[in-house]
Amino acid sequence: MTDEHHSDRRNFLRTGALAGTALAAVTSGAFAEEDGSHGPTKGDIAILRFLSAVEQIESDLWQQYNELGGIQDSEVPGGSGSGPYTAALKNLDGDMDQYIHDNTEDEFSHHAFLNAFLESIDAPPVDLSKFATLPSSKATGANQIGRLTNLMKLKVDTSWWTRYRSRDKNPDLDPSFVFPQAVPDLITNGPFPAIPRADNDLSPKDHIQAIANTAAFHFASIEQGGSSLYPTLALKVTDPVVLRILLSIGPTETSHFQTWHDKAGNAVSDPLAPLTDPTSPTLTFPNLNVTPGGEDFQTNLIMPEPCPFLNRKFPPVSIIRPVSISTKIFGAQQAVAGLKASGLFIGQPPEFFTKVGKLAEEADEATRKCHRED
């Protein structure tokens with residue numbers, strides 16, 4: 001697929017989303033009349049702009065996954081697929097290519113919609129395309145275009161695995177507690193690639209499987225971040241329409257997360273695990289069902305276990321966590337710091353971090369305002 005087609009994909013989504021902006025503007029006005037508000041605040045706009053940047057970053061990384069391991073079609077064009085990589089992903093689930101395709105399309109739609117809505121309220125949209133200069137994979141099937149993200153040198157944090165299984169700890173109440181890693185090697189011994197860097201990564205069989213397994217845990221790591229980010233920022237929103245946007249997009253990130261949580265479990269259970277990468281022997285995917293630790297590591301516990309919430313005087317409840325009112329625990333800047341620490345932005349210039357960091361800072365500074373009639 002040519003670069004022109006790759007560009008057409010973005011243009012199509014952007015144009016399609018713009019078709020609904022008149023309705024969005026009318027709806028925003030209707031809500032403002034009902035509750036006496038005055039439309040989106042400066043803080044609301046900052047939140048939308050930061051989320052648009054995040055969605056563009058996600059679109060970029062998911063596009064790379066789809067080019068090599070997903071389904072390339074008119075909905076998500078670009079690339080031509082890598083047979084061995086796709087086969088390794090399908091060892092985790094026979095529908096992995098379809099799920100990758102659909103997650104990719106979702107992220108493009110989120111970015112296009114958020115920018116279109118921003119334009120409808122005369123707020124500046126976000127475009128990080130000038131920073132899409134990182135190299136592509138050289139493996140057959142990848143488009144040779146500039147990228148925002150680097151999937152070839154990742155340290156994947158897998159502590160979300162035990163965080164969502166813990167019945168005793170909640171990062172909002174226990175910010176200093178360190179949740180154990182499901183696959184410690186991915187963060188302590190990394191970086192490792194989550195896509196084949198070139199065709200010589202396609203063998204031996206256990207090597208490309210290790211790359212696919214790394215991708216599966218990265219999928220879940222990315223989407224659990226979105227699951228927490230949207231409700232955390234929603235707590236700062238003033239305008240009802242902006243709140244509706246966050247409460248409507250956010251749960252799709254949670255849907256993605258649970259899907260990838262399930263598939264990552266197949267990488268650390270029979271019959272694929274344990275598996276040691278023969279090319280990088282410091283990377284082992286253990287069989288978590290035989291690892292001491294009980295329910296905290298059990299692979300089929302993909303739904304959030306009940307945990308303490310708000311105050312330990314209340315009974316445990318199944319929730320998304322963290323959803324924090326403290327930016328010291330989680331927020332826009334913490335999200336960016338986590339992505340940077342993972343190696344996702346290796347190769348980006350200081351200007352990129354200044355741009356994204358400023359968007360994150362402004363989002364974190366947003367405060368919900370209570371509009372009252374005079």
Side-chain angles (χ1 to χ4, degrees), residues 54-55 57-71 76 79 81-82 85-108 110 137 142 147-164 181-183 185-187 190-196 208-230 250-269 272-273 275 283 285 288 299 302-304 320 335 338-339 341-344:
V54 170
E55 296 293 355
I57 289 166
E58 282 196 272
S59 296
D60 181 89
L61 70 89
W62 278 108
Q63 178 70 42
Q64 295 179 68
Y65 282 128
N66 193 71
E67 288 178 10
L68 290 168
I71 295 174
V76 187
S82 167
Y85 181 57
T86 302
L89 288 165
K90 281 176 168 286
N91 285 335
L92 304 177
D93 188 286
D95 291 320
M96 285 287 276
D97 54 348
Q98 184 67 58
Y99 299 150
I100 291 170
H101 168 281
D102 292 351
N103 205 141
T104 306
E105 183 179 26
D106 289 354
E107 307 305 352
F108 272 104
H110 294 166
S137 163
R147 311 289 187 175
L148 283 173
T149 59
N150 188 335
L151 300 180
M152 294 177 279
K153 295 180 179 180
L154 292 177
K155 290 188 173 185
V156 181
D157 184 348
T158 61
S159 62
W160 53 265
W161 182 279
T162 53
R163 187 194 329 139
Y164 272 95
Q181 299 284 332
V183 185
D185 290 351
L186 279 175
I187 195 165
F192 299 105
I195 55 174
I208 191 61
Q209 189 63 57
I211 292 175
N213 291 357
T214 300
F217 273 94
H218 188 234
F219 297 168
S221 180
I222 289 292
E223 299 303 316
Q224 64 83 28
S227 297
S228 286
L229 187 60
Y230 273 86
T252 68
E253 303 286 345
T254 304
S255 176
H256 298 159
F257 169 49
Q258 187 169 35
T259 298
W260 299 125
H261 191 166
D262 182 40
K263 308 318 166 192
N266 294 334
V268 285
S269 58
L272 292 178
L275 182 144
L283 175 58
F285 292 87
L288 293 185
T299 58
I302 65 169
M303 299 181 187
I320 297 298
L339 294 176
S342 75
L344 191 67

Taken in chain and number order and not counting sequence neighbours, the residues that satisfy side chain to side chain donor-acceptor pair (under 3.5 Å) with Thr259 are none
Excluding sequence neighbours, so at least two apart, what forms side chain to side chain contact (heavy atoms under 4.5 Å, CB included) with Val183? Thr158, Leu186, Phe217, Val268, Phe285, Pro286
Closest non-hydrogen atom pair between Gly69 and Ile100, with its separation: O-CD1, 3.6 Å
Using a 3.5 Å distance criterion without hydrogens, assess whether the side chain of Thr214 forms a donor-acceptor pair with backbone atoms of Ala194. no
Minimum heavy-atom separation for Ala212 and Leu92, please, with both atom names. O-CD1, 4.0 Å
Pairwise distance CD(Glu58) to CG(Leu339) - rounded to 0.5 angstrom: 8.5 Å
Apply side chain to side chain contact (heavy atoms under 4.5 Å, CB included) to Gln258 and list each qualifying residue two or more places apart in sequence or on a separate chain. Ile302, Met303
Can you name the residues that form a side chain to side chain contact (heavy atoms under 4.5 Å, CB included) with Ile57, not counting sequence neighbours? Leu128, Thr149, Leu344, Phe345, Phe352
Could you work out, with side chain to side chain donor-acceptor pair (under 3.5 Å) as the rule, every residue matching Ser269, not counting sequence neighbours? none
Is there a donor-acceptor pair under 3.5 Å between the side chain of Gln209 and the backbone N or O of Ala88? yes
Smallest heavy-atom separation, Leu229 atom then Ala335 atom, equals CD1-CB, 4.2 Å
Specify the closest pair of heavy atoms between Ala215 and Leu89, including all atoms of both residues, with the distance to one decimal. CB-CD2, 4.4 Å
Using only atom types and a distance under 3.5 Å, with no angle test, would you say the side chain of Asn66 pairs donor to acceptor with the backbone of Ile71? yes
How long is the gap from CD on Gln224 to NE2 on His256, to the nearest 0.5 Å? 14.0 Å
Nearest 0.5 Å, please: how far is CG in Asp60 from CD in Glu107? 11.5 Å
Who pairs with His261 by ring pair (Phe, Tyr, Trp, His ring centres under 6.0 Å), at least two apart in sequence or on another chain? Trp160, Trp161, Phe257
Testing the basics here: between Ile320 and Ser228, what is the closest heavy-atom pair and its distance to 0.1 Å? CG2-OG, 3.8 Å
Which residues satisfy the side chain to side chain contact (heavy atoms under 4.5 Å, CB included) test with Ala87, sequence neighbours excluded? none
Sub-3.5 Å donor-acceptor pair from the side chain of Ser137 to the main-chain atoms of Pro196, do we have one? yes
Just jot down the ring pair (Phe, Tyr, Trp, His ring centres under 6.0 Å) partners of Phe219, sequence neighbours excluded, or say none. Trp62, Tyr65, Trp260
Under the side chain to side chain donor-acceptor pair (under 3.5 Å) test, residues paired with Thr86 that sit two or more places apart: none
Interatomic distance, Glu223 atom CD to His218 atom NE2 [nearest 0.5 angstrom]: 9.5 Å
As a quick check of understanding, evaluate side-chain contact (heavy atoms from CB on, under 4.5 Å) for Asn103 and Tyr99, giving each step before the final call. CA-CA 6 Å; Asn103 205 141; Tyr99 299 150; over 6 Å; no
Supply the atom-to-atom distance Met152 CE to Arg147 CZ, rounded to the nearest 0.5 angstrom. 8.5 Å
So the salt bridge (charged side-chain N to carboxylate O under 4.0 Å, His left out) pairs with at least one residue in residues 86-99 (sequence neighbours excluded) are Lys90-Asp97, Asp93-Lys263
Interatomic distance, Thr252 atom OG1 to His110 atom NE2 [nearest 0.5 angstrom]: 3.5 Å
For a quick test of reading the model, state the closest non-hydrogen atom pair linking Val156 to Ser221 and the distance between them. CG1-CB, 4.1 Å
Residues in side chain to side chain donor-acceptor pair (under 3.5 Å) contact with Tyr164, at least two apart in sequence or another chain: none
Please collect all salt bridge (charged side-chain N to carboxylate O under 4.0 Å, His left out) contacts where either partner lies in residues 151-161, sequence neighbours excluded, each pair once. none
